[in-house]
Amino acid sequence: MDLQIQGKKAIMAGGSAGMGRATAERLAEAGVELYITARREERLVNAAKEMSEKYGTTVTPIVADSSTEEGRQTLFTACPDPDILAITIKPPAPNGDFLKVTPEMWRDSIDTALIGPIEIMRNYIPVMKDKGWGRIVNIATFSAKNPMIWRLMSGPARSALINYTASVSREIAQYGVNINNILPGMFATEGADEIIGHYADAFGLAPDRETVMTHFLQNNKIPAGFVADADDMAPMAALLCSPLARFIVGQNIVIDGGQHHSLF
Ligand SMILES: NC(=O)c1ccc[n+]([C@@H]2O[C@H](COP(=O)([O-])OP(=O)(O)OC[C@H]3O[C@@H](n4cnc5c(N)ncnc54)[C@H](OP(=O)(O)O)[C@@H]3O)[C@@H](O)[C@H]2O)c1
């Protein structure tokens, strides 16, 4: 399918690994001029080089932490006028006992998973509005609508994010600027691997991948029967970044193999 975005300018904030990288790949393949950000430089620079060589398009790496004002300003300076903006972060670590969640942990979660994406959108929405076209996609989490006691550092901040985008998307759709969110379930990514130790701590398990995955699958039914790869969500993210999605406004697309059981 031709996504009709060749030559457009796109930012993938959080584009060096996992679902951000997979989304960046689909955008690069479709011929956009791409800017990808992350905090860790080496993986970011390698990702940009690999995608640029593979797809023959310009991919600019920008070391920038979306959760800080300084990081966001670095991004805004490097790419002031994108047509497409996709945003993600790494999965926040599972909390243990909810009674031990401190105000400092809440502040970190809110800075990273809520204020960062909101501030990036707030900067670029007027730019897209002036152009008369824009696409914004947040890669958040299905725990935004499926609360889990061990995902307190991820779900509540994203529930607020999708509440924000539900309102803002309806305000700006008249200018050709659409915001939608993808809410992923369980995906085997670099970020998921990095929090295995925290998951093991939270549930008192041995900190190895097999033990953690077995525990997860025993306690979380995935009707599709498998844990997804990042490529299982990237085509949907790329579609939402395209003109083909012009009538999709303010939606939250759950991609979780059927794990969240609800009508909508
Ligand atoms: N994997 C899962 O099973 C799962 C389940 C539910 C929801 N999700 C959600 O899906 C999203 C993507 O997760 P993932 O598993 O694909 O993560 P991932 O593999 O860790 O990839 C995250 C990407 O974002 C970058 N990043 C992280 N924090 C950043 C920040 N503050 N500023 C700029 N870049 C940042 C990472 O690079 P650096 O670390 O170098 O910055 C990396 O490029 C997250 O919102 C996560 O909560 C994931």
Side-chain angles (χ1 to χ4, degrees), residues 11-25 34-48 50-51 59 61-75 78 85-94 108-120 137-148 150-159 161-162 181-196 198-199 209 212-213 216-217 220 222 226-234 236-237 252-257 259-260:
I11 292 172
M12 179 66 244
S16 68
M19 292 181 246
R21 166 78 188 253
T23 300
E25 294 260 355
L34 188 59
Y35 293 78
I36 60 172
T37 73
R39 296 161 303 171
R40 285 170 277 185
E41 185 168 12
E42 188 178 348
R43 185 170 69 172
L44 175 72
V45 170
N46 289 339
E50 284 164 20
M51 284 189 274
V59 184
I62 306 157
V63 178
D65 183 340
S66 302
S67 70
T68 69
E69 183 57 27
E70 187 190 359
R72 293 189 288 269
Q73 289 303 330
T74 303
L75 170 61
L85 169 65
I87 308 172
T88 195
I89 54 169
K90 68 178 281 187
D108 182 50
S109 165
I110 288 166
D111 278 344
T112 305
L114 179 62
I115 295 178
I118 285 179
E119 284 299 284
I120 296 173
V137 175
N138 288 289
I139 304 169
T141 175
F142 91 135
S143 59
K145 60 181 284 187
N146 183 48
M148 292 186 269
W150 57 282
R151 299 306 283 138
L152 293 177
M153 297 297 93
S154 184
R158 315 309 180 84
S159 297
L161 179 67
I162 68 173
N181 306 312
I182 288 182
L183 308 184
M186 185 62 183
F187 281 68
T189 62
E190 293 91 326
D193 276 348
E194 285 173 8
I195 59 171
I196 275 177
H198 297 276
Y199 184 101
R209 197 170 194 281
V212 164
M213 288 308 295
F216 180 86
L217 291 170
N220 298 274
I222 303 178
F226 62 93
V227 170
D229 293 327
D231 285 336
D232 290 312
M233 55 69 65
M236 176 60 77
N252 297 300
I253 316 281
V254 176
I255 303 181
D256 68 347
Q259 187 181 341
H260 176 67

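Read the numbers this way: they start at 1 and go in the same order the structure lists the ligands and their atoms. This chain uses plain numbering: 1 for the first residue, then up along the sequence. Every heavy atom of this structure was used, including side-chain atoms; hydrogens, water molecules and symmetry mates were not.
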| Considering distance alone, does some N or O of Phe187 sit under 3.5 Å from an N or O of ligand 1? | yes

| message | With the threshold set at under 4.0 angstrom, would you say Gly185 reaches ligand 1 through any of its heavy atoms? | response | yes

| task | Compare every heavy atom of Ala113 with every heavy atom of Leu161, then report the nearest pair and how far apart it is. | result | CD2-O, 4.0 Å

| query | What about Met19: any of its N or O atoms under 3.5 Å from an N or O on ligand 1? | reply | yes

| request: Enumerate the atoms of ligand 1 whose separation from the nearest heavy atom of Ser66 is less than 4.0 angstrom. | output: 30 (C), 31 (N), 32 (N), 33 (C)

| field | Heavy-atom donor-acceptor pair, Arg72 side chain to Ser66 backbone, under 3.5 Å | value | yes

| request: Measure the distances from the heavy atoms of Gly116 to every atom of ligand 1 and state whether one is below 4.0 angstrom. | output: no

| query | Of the protein's non-hydrogen atoms, which lies at the shortest distance from atom 43 (O) of ligand 1, and what is that distance? | reply | Ser16 OG, 2.6 Å

| More than 12 foreign heavy atoms under 6.0 Å from CD of Glu190: is that the case here? | yes

| For ligand 1, which atoms sit closer than 4.0 Å to a heavy atom of Thr141? | 6 (C), 7 (C)

| For Met186, the ligand 1 atoms whose distance to one of its heavy atoms is below 4.0 Å | 3 (O)

| query | Judged by non-hydrogen atoms, does Ala230 sit under 4.0 Å from ligand 1? | reply | no

| request: Just need the protein heavy atom nearest to atom 39 (O) of ligand 1, so name the residue and atom and give the distance. | output: Arg40 NH2, 2.6 Å

| request: Could you grab the distance from atom CE of Met236 to atom CD1 of Ile139, nearest 0.5 Å is fine? | output: 12.5 Å

| said: To check you understand the geometry: which heavy-atom pair defines the closest contact between Met12 and Gly20, and what is its length? | reply: CG-O, 3.3 Å

| request: With heavy atoms of Thr88 as the reference, note each atom of ligand 1 found under 4.0 Å away. | output: 11 (C), 12 (C), 44 (C), 45 (O)

| Approximate separation, where rounding is to 0.5 Å, of Ile87 CD1 and Leu85 CG | 4.0 Å

| note | Judged by heavy atoms only, the candidate from Met233, Arg72, Glu42, Arg39 nearest atom 38 (P) of ligand 1 is Arg39

| query | Nearest protein heavy-atom contact for atom 24 (O) of ligand 1: which residue, which atom, what distance? | reply | Gly14 CA, 3.2 Å

| field | Thr88 side, atom OG1; Met233 side, atom CE - distance, nearest 0.5 Å | value | 7.5 Å

| said: Measuring from non-hydrogen atoms of Pro184 to any atom of ligand 1, is the shortest distance under 4.0 Å? | reply: yes

| message | Closer than 4.0 Å to some heavy atom of Ala64 - which atoms of ligand 1 meet that? | response | 32 (N), 33 (C)

| Which atom names give the shortest non-hydrogen contact between Ala192 and Phe187, and what distance separates them? | CB-O, 3.4 Å

| note | Here the atoms of ligand 1 under 4.0 Å from any heavy atom belonging to Arg43 are 36 (C), 37 (O), 38 (P), 39 (O), 40 (O), 42 (C)

| field | Numbering as shown, the atoms of ligand 1 that approach Pro92 to under 4.0 Å (heavy-atom distance) | value | 47 (O)

| request: May I ask you to check whether Ala17 has an N/O atom sitting below 3.5 Å from an N/O atom of ligand 1? | output: yes

| query | Looking only at distance, does Gly191 have an N or O less than 3.5 Å from an N or O of ligand 1? | reply | yes

| Sidechain-backbone polar pair: Thr37 side chain, Gly14 backbone, donor-acceptor under 3.5 Å | yes

| remark: atom 34 (N) of ligand 1 has as its nearest protein heavy atom Ala38 CA, 3.5 Å

| Close-contact set for ligand 1 against Gly18 heavy atoms, below 4.0 Å | 16 (O), 19 (O)

| remark: Heavy-atom closest pair (Arg209 atom, Ile196 atom, distance to 0.1 Å) is CG-CD1, 3.4 Å

| remark: Interatomic distance, CE@Met153 vs OG@Ser143, rounded to 0.5 Å, equals 11.0 Å

| Any N or O of Asp65 that comes nearer than 3.5 Å to an N or O of ligand 1? | yes

| query | Within the side chain of Asp232, is there an N or O that forms a donor-acceptor pair under 3.5 Å with the backbone of Asp229? | reply | yes

| message | Looking only at protein heavy atoms, which one is nearest to atom 9 (C) of ligand 1, and what is the separation? | response | Ala140 O, 2.9 Å

| Nearest protein heavy atom to atom 27 (C) of ligand 1, by residue and atom, and its distance? | Lys90 N, 3.1 Å

| said: Counting non-hydrogen protein atoms only, what is the nearest one to atom 17 (O) of ligand 1? Give residue, atom name and distance. | reply: Pro91 CD, 3.3 Å

| Judged by atom type as modelled, is there a donor-acceptor pair below 3.5 Å linking the side chain of Arg158 to the main-chain atoms of Ala140? | yes

| More than 12 foreign heavy atoms under 6.0 Å from CE of Met213: is that the case here? | yes

| task | Pick, from Ile89, Thr189, Ile139, Asn138, the option with the minimum heavy-atom distance to atom 13 (O) of ligand 1. | result | Ile89

| field | Heteroatom proximity flag, Arg158 to ligand 1, N/O under 3.5 Å | value | yes

| message | Under 3.5 Å between any N/O of Arg151 and any N/O of ligand 1: does that happen in this structure? | response | no

| query | For His198 and Pro94, which heavy atoms make the closest approach, and how far apart are they? | reply | CB-CD, 3.7 Å

| request: Identify the two heavy atoms, one from Ala22 and one from Ala230, that lie closest to each other, and give their separation to 0.1 Å. | output: CB-CB, 3.6 Å

